[in-house]
Amino acid sequence: MNDQPGGTRVIVIGSGFGGAVAACRLAQAGFEVTILERGRRYRQGDFPNLPQDSALLPEERRWSWSLDQGLWEVLDLEEIVSIQAAGLGGGSLVYANVHLRPPKSVFSAEWPVRHQGRAGLDPYFDLVASMLEVAPVSAHPQFHGEIVKSAQFGAAAAQLQRSVFYPPLAIRYEGEGTNAHGVPQGKCTGCGACCGGCPQSAKNTLDLNYLAIAERHGARVVTQCEVLGLVETADGDWMVRCFDHLEAQKRTFRAPHVFLCAGAVHSTRLMSQAQLLNGARAGARPRPVKALVGTGYFPGGDSLGVVYDTAHPQRPSVGPAISTATVQWSLKDPTSFFMLQDGGYPAPVDRLVGVLRASAWLERNKRSKSGTANVRRTRTRQRLLGRPAVPFPTTRAPSCADDLLRAYSAGAFGEVVPSQLRALKDQFSEQLSGPLVLSAVVAETIRGGILFRWGWLGGLARFVASVGMRLARVLLGNERSLGVRAVRVLLDGGRLKVEDLAAQVGGYDGAKSQHRAVLLGMGRDAALGVLQYDRRRKRMVADLNLVKLTPGYTEQECLMTDIARELGGELRTNPAWEYRRKPVTVHNQGGCGMSDDPAHGVTDAFGKVHGCEGLYILDGSILCRSVGVNPSATIAALSECGVLEFIRAHKPNWPDQSAGGQEYERQRRLAAAWAAVASAERWDLEPPGPVPRPLRATGAAAPTQTVPIGLELSERLRGYYQETKSRPSDPSAYLALETRGRPHWPVELNLNLRVDNLAAFFEDPEHLVDVTGTVDIRLPGREESSRYVISQGRIKLFVRVHKDYAIGDEEKARLRAQQRASEGQYASVRAERGERRMTYSMSFNDEAGRAWTLHGFKRIASASSLDAWRQTSILCLALSGEDPQGGASVIRGGGAVHVDLNGFLYQQLPSVRATGTDDPVRAAWAVSEFTAFFFGTLQRIYLPALRAAARAPSARSRLEQSEP
Amino acid sequence: MIARTLLRRGSGAALTWETHWLPVGRKDVSLRVLLRRLLPAPAKPQRAVLLVPGANSSCETFTIPGGGLAAYLAARGADVWMLDWRASPLVLNTLLERSLPSGAAVDEERRAFTLDRIVAEDLPAALTFIRQSMGGGRLAVHGHCVGGGGLATAIARGILEPFDVDRVVLSTLGLFYEVPWNTWIKAEDFLLENMTLAPEWRDCRAIDPRRPSAWPEMFGHAYGRWPAPWLPERGARSDEFLRQLSFMVGQPYSPDKLDPTIRGAPVEGVFGALHLGLYMHLGQMVRRGYSAPFNVRDQIDRARLKRGRSARSAPRGDFFPARFAPYHITLVAAGDNGVWHRDSIDLMYEWLLRRPGARCEKYVIPECNIQELYWAPEAPTKTYDLFARALAC
């Protein structure tokens with residue numbers, strides 16, 4: 001029980017690295033602590049079963065928070081997917097045990113003065129490390145010697161002239177029995193199940209130390225109690241509104257002090273929805289601090305790759321989830337870095353890990369073994385590269401576009417439908433009298449389709465649909481019986497062997513399951529985004545600056561490719577990123593950043609919310625800059641620091657002579673001893689800095705060998721211009737000048753367009769393309785045309801991304817805060833509609849060295865889809881150069897140039913080719929992605945009605961009303 | 001009434017029982033339940049244990065194989081009692097052989113077989129008799145499956161208070177009724193309720209897993225359409241029985257994991273018809289996810305629950321944490337339970353832990369289905385010892 005019964009009431013929301021630490025220290029100090037945890041209490045043997053053959057039914061509800069308050073919560077934050085844990089112990093239940101502290105350079109001037117340079121935090125880092133008994137695997141040579149993946153990772157890094165380090169892990173390596181805090185624990189068996197919940201209780205999770213101490217000192221733990229809202233009352237208390245999942249009812253807790261430790265996403269959500277009074281606790285005006293909530297969010301630069309078919313066994317299911325790491329420091333920014341860590345997983349999920357190489361991904365996320373064309377010759381690939389299926393001009397060199405067209409025309413991608421699924425489909429079709437089902441499907445498609453908007457054609461379509469549906473009903477029965485039969489076929493067909501299913505659907509190759517290496521990336525985010533509650537979607541959304549973040553992801557991917565090559569395998573990366581350009585993060589941070597200045601941060605250096613008496617935030621949301629390493633140690637250290645400040649504000653003599661005080665004092669002494677051991681053993685408590693060590697590239701800024709995938713194409717435009725002294729007012733004026741310039745003032749542009757990093761290009765709202773090439777032009781005052789080399793050129797292609805949840809211009813305070821947090825990189829792009837342009841800018845110098853610039857634009861407007869070709873093929877040009885009367889640059893001419901259809905079809909399209917890879921499959925997909933982007937954008941501009949019609953409920957409902 | 005009977009054990013040895021038929025119930029449906037005491041009983045019993053079986057199973061659950069848990073506890077010096085309450089085939093079969101008394105409404109009989117009435121009438125009758133027999137010694141109760149659910153309900157309603165029970169073992173079920181999702185969707189379909197709407201099946205009294213030909217048509221159709229992967233594989237005749245039983249309540253055991261001496265007929269003999277009153281009450285609680293009286297109006301609105309709002313308009317009837325305080329409670333879950341989801345125990349455990357000073361323990365037995373807690377070859381070492389310790393034997 002409490003040392004001081006009836007002490008000050010404190011509510012701690014959440015029991016992760018922030019909440020557990022706070023609750024423990026507060027309970028030791030005699031506060032009356034209530035811990036509200038939305039998840040369950042997990043003890044040894046309680047974690048959800050992993051999918052095994054013997055399982056009668058999967059324990060889906062214990063896995064998923066959304067299904068039934070299970071262990072894992074997957075949140076779609078619109079631009080990123082967040083995965084986090086729910087349970088007593090928070091993220092510690094499923095994290096990979098890594099306790100690294102960020103390099104000192106991370107704690108820059110943006111942090112509160114107290115934390116700058118990290119020196120003030122180091123004792124707290126030591127205290128956390130001591131409490132969690134962390135040590136690197138290298139401190140246990142026998143244990144370490146059995147971890148093959150660690151040795152293989154190290155060997156691959158060495159081949160790349162890099163070295164690795166061994167981060168401290170919160171694992172009980174040896175000795176069963178009770179831990180230093182009197183809680184029974186097992187020892188690590190190296191089963192790799194760290195991220196699904198340790199079956200041996202060998203992970204030093206928070207419920208085995210901090211939370212156990214808190215409960216011993218009388219803290220009350222209320223599990224399965226999800227906090228819905230925070231209300232500041234007029235009498236100085238905080239009211240915490242919860243939903244009790246065990247009692248299935250709402251509950252309310254009150255206390256004068258609340259520690260919000262629900263994790264970056266949920267703390268930010270609760271803060272943004274909190275009902276705060278002003279400083280006098282009267283009236284209802286929102287505090288200025290709310291304008292800052294959600295700004296400065298970042299996802300920790302997480303990425304995932306799996307190397308398949310390595311030359312040597314990796315044994316990914318032997319050893320802790322992470323044991324070894326290498327660091328890559330930025331060439332440009334001395335404070336920026338990322339790490340790659342060796343991942344692992346338990347044997348039962350072996351079949352699931354194959355999913356990254358499943359046929360369904362069409363090999364898009366594959367990097368070949370050698371980075372060249374040395375890929376496995378699958379049937380798909382043979383089709384892809386085999387005989388041409390369509391006649392195509394042969395007078396030019398084949399390009400990736402050829403590959404793509406051949407692949408599509410030959411139906412090569414049909415091969416990737418797994419045979420087992422095809423069999424299932426055949427069985428389904430057979431039982432349901434195939435063609436008739438087809439007619440029903442067609443009728444249904446038409447029924448919900450777009451034709452209803454098109455006058456008499458719509459009437460005809462309605463008639464066809466109606467006949468089709470009636471026919472299907474007569475012959476097959478109604479939809480209900482059809483559905484019942486379909487379900488039966490699927491379920492009976494579901495008796496596939498698990499191995500076969502995993503192989504066909506999940507890309508699993510049992511014989512090579514030991515030849516896999518998991519690579520986990522994380523690093524410092526190059527830009528901060530916004531995390532906010534979207535009222536329309538009724539959930540949290542993240543507005544990220546993916547333009548700035550993408551190069552970081554690409555860099556990680558390149559280093560992964562290097563390592564994959566050294567391991568002799570092929571790399572597959574996260575399909576969510578590859579396909580939807582949606583990163584996945586397990587390290588959400590920021591949103592309620594700390595700052596000494598109330599105008600710049602939500603909390604102060606100790607987590608106290610500026611201007612809100614009694615409200616504290618201690619979790620990942622208060623990190624004001626990306627730390628680059630696994631953030632658990634930082635969060636716990638900040639929490640130790642913050643809660644000590646709180647306790648001393650109430651008990652200046654803390655730690656006192658009470659049992660809790662003496663225990664805390666003893667733990668601090670143990671921390672000092674732990675620090676001495678770590679120093680003597682030369683453990684890597686932080687990523688090695690960019691200082692050369694025995695091997696050149698330990699932390700050194702060594703560029704990766706793999707370059708990002710890019711794209712290049714050529715474009716030829718020809719036309720005329722006329723001298724003029726003012727910029728033409730509109731496209732028709734440009735065209736008039738072109739007409740007047742014929743035939744004496746020709747212009748011909750032969751351009752080479754190049755994108756170095758295709759992934760970054762897609763995220764860039766301006767879609768910048770580098771331009772080189774030549775300009776053939778008769779300059780003003782000259783008698784003849786001459787050819788000039790473009791010295792600098794770029795194209796901005798199409799439009800910026802439209803985000804309806806970005807911070808609006810009307811939210812001035814919030815916009816200012818985010819601008820400040822993102823160092824001016826945030827741009828509100830909300831509500832952008834209407835006309836879009838492609839702009840060209842090309843500079844060149846004439847023979848005399850005078851600078852000339854051609855500015856061009858293509859006007860893309862959706863007024864009429866008939867103008868699509870005309871608008872996209874005409875480039876309105878303005879020529880600017882030195883004023884003959886003076887030095888300044890002025891408009892010297894205007895006109896237009898055109899892409900002709902022949903050139904577009906037979907020169908421009910075939911010239912598209914991917915760079916940075918020799919793998920034709922990757923190259924074909926790069927081209928495919930670019931063309932999908934280009935023509936997809938055109939389609940969105942010119943055919944908006946198509947999309948609107950496709951989802952128009954009115955058409956569908958009209959038909960349903962007409963159905964008998 | 002006192003009688004002596006011999007029951008054959010699977011291994012050929014015999015257990016001797018003292019049997020008592022106790023009258024229970026009200027005027028509408030008068031019943032007798034079977035209370036048995038394992039002989040020889042200790043001369044001065046320091047610890048008596050009452051074993052309560054599941055919904056449509058008899059107390060032979062505790063006597064096979066080779067004397068089972070009952071013999072194990074007796075060997076540790078316990079005075080072992082077993083209650084075949086009104087839902088047990090040993091009691092219900094007799095009732096079903098008689099037609100309803102003229103003029104008696106089937107609804108009244110169904111209400112008499114709800115868990116509410118069972119725990120309110122059968123348990124007190126048995127415990128009163130045991131207390132009178134043993135005097136002031138210590139008394140523990142052990143409920144398995146719905147027996148555990150019944151004991152938890154009895155505690156929540158204060159029914160056990162007069163009997164000075166000190167230890168309680170709830171095996172696989174407490175106040176939370178969580179099931180695998182294939183059972184849940186069956187309950188959500190209101191299969192039983194819809195079945196009784198048909199005029200020809202309005203008077204259906206019970207469903208017997210060994211007589212599918214007598215099943216109501218709608219019930220049989222549902223069984224015919226039930227997805228094959230959700231049922232045990234077809235094989236021997238006994239497997240057909242297991243499939244029918246599994247469709248009714250979920251798969252209770254895996255034949256290949258049972259003690260070899262009891263596979264087949266001995267196991268089948270444990271199960272009998274499930275009275276529709278109890279069946280429908282269990283269905284209601286499965287839909288709610290927690291224990292509540294029959295036909296009360298506090299149905300959970302799942303849509304509201306999803307939105308994080310309060311799902312109930314009335315307080316939950318059976319949830320009185322303070323009433324669990326006097327007992328040392330041991331919760332046991334089977335890791336591969338095919339009838340109840342292990343959440344039934346996990347949630348109960350977390351709920352009990354909210355009490356200050358809670359005396360509660362939880363054990364999960366891995367790779368074990370619900371009946372294998374008692375019938376697996378390794379049960380004596382794996383579970384009997386645990387049960388004995390939990391019952392302080």
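The sequence lines fix the lettering, A, B, ..., with proteins before strands; numbering per chain opens at 1.
- Contact annotation for A/R40: both backbone and side-chain heavy atoms come within less than 4.5 Å of a heavy atom of chain B.
- Residue B/Y363: no heavy atom, backbone or side chain, is found under 4.5 Å from chain A.
- Shown here for B/L373 and B/C368, the closest heavy-atom pair between the two residues is N-SG, 3.6 Å.
- A salt bridge does not link A/R41 to A/D207: none of the charged nitrogens lies less than 4.0 Å from a carboxylate oxygen.
- In terms of non-hydrogen atom pairs under 4.5 Å with chain B, the most contact-rich of A/R251, A/Q69, A/Q224 is A/Q224.
- When every heavy atom of A/L208 is checked against every heavy atom of A/P184, the shortest pair comes out as CD2-O, 4.5 Å.
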Show, in sequence, the C-alpha distance, side-chain angles and deciding distance for A/H245 and B/E350, and conclude whether the side chain to side chain donor-acceptor pair (under 3.5 Å) test is met. CA-CA 11 Å; A/H245 290 280; B/E350 294 206 28; over 6 Å; no

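- With a threshold of 4.5 angstrom between heavy atoms, B/D343 approaches chain A through its backbone and through its side chain.
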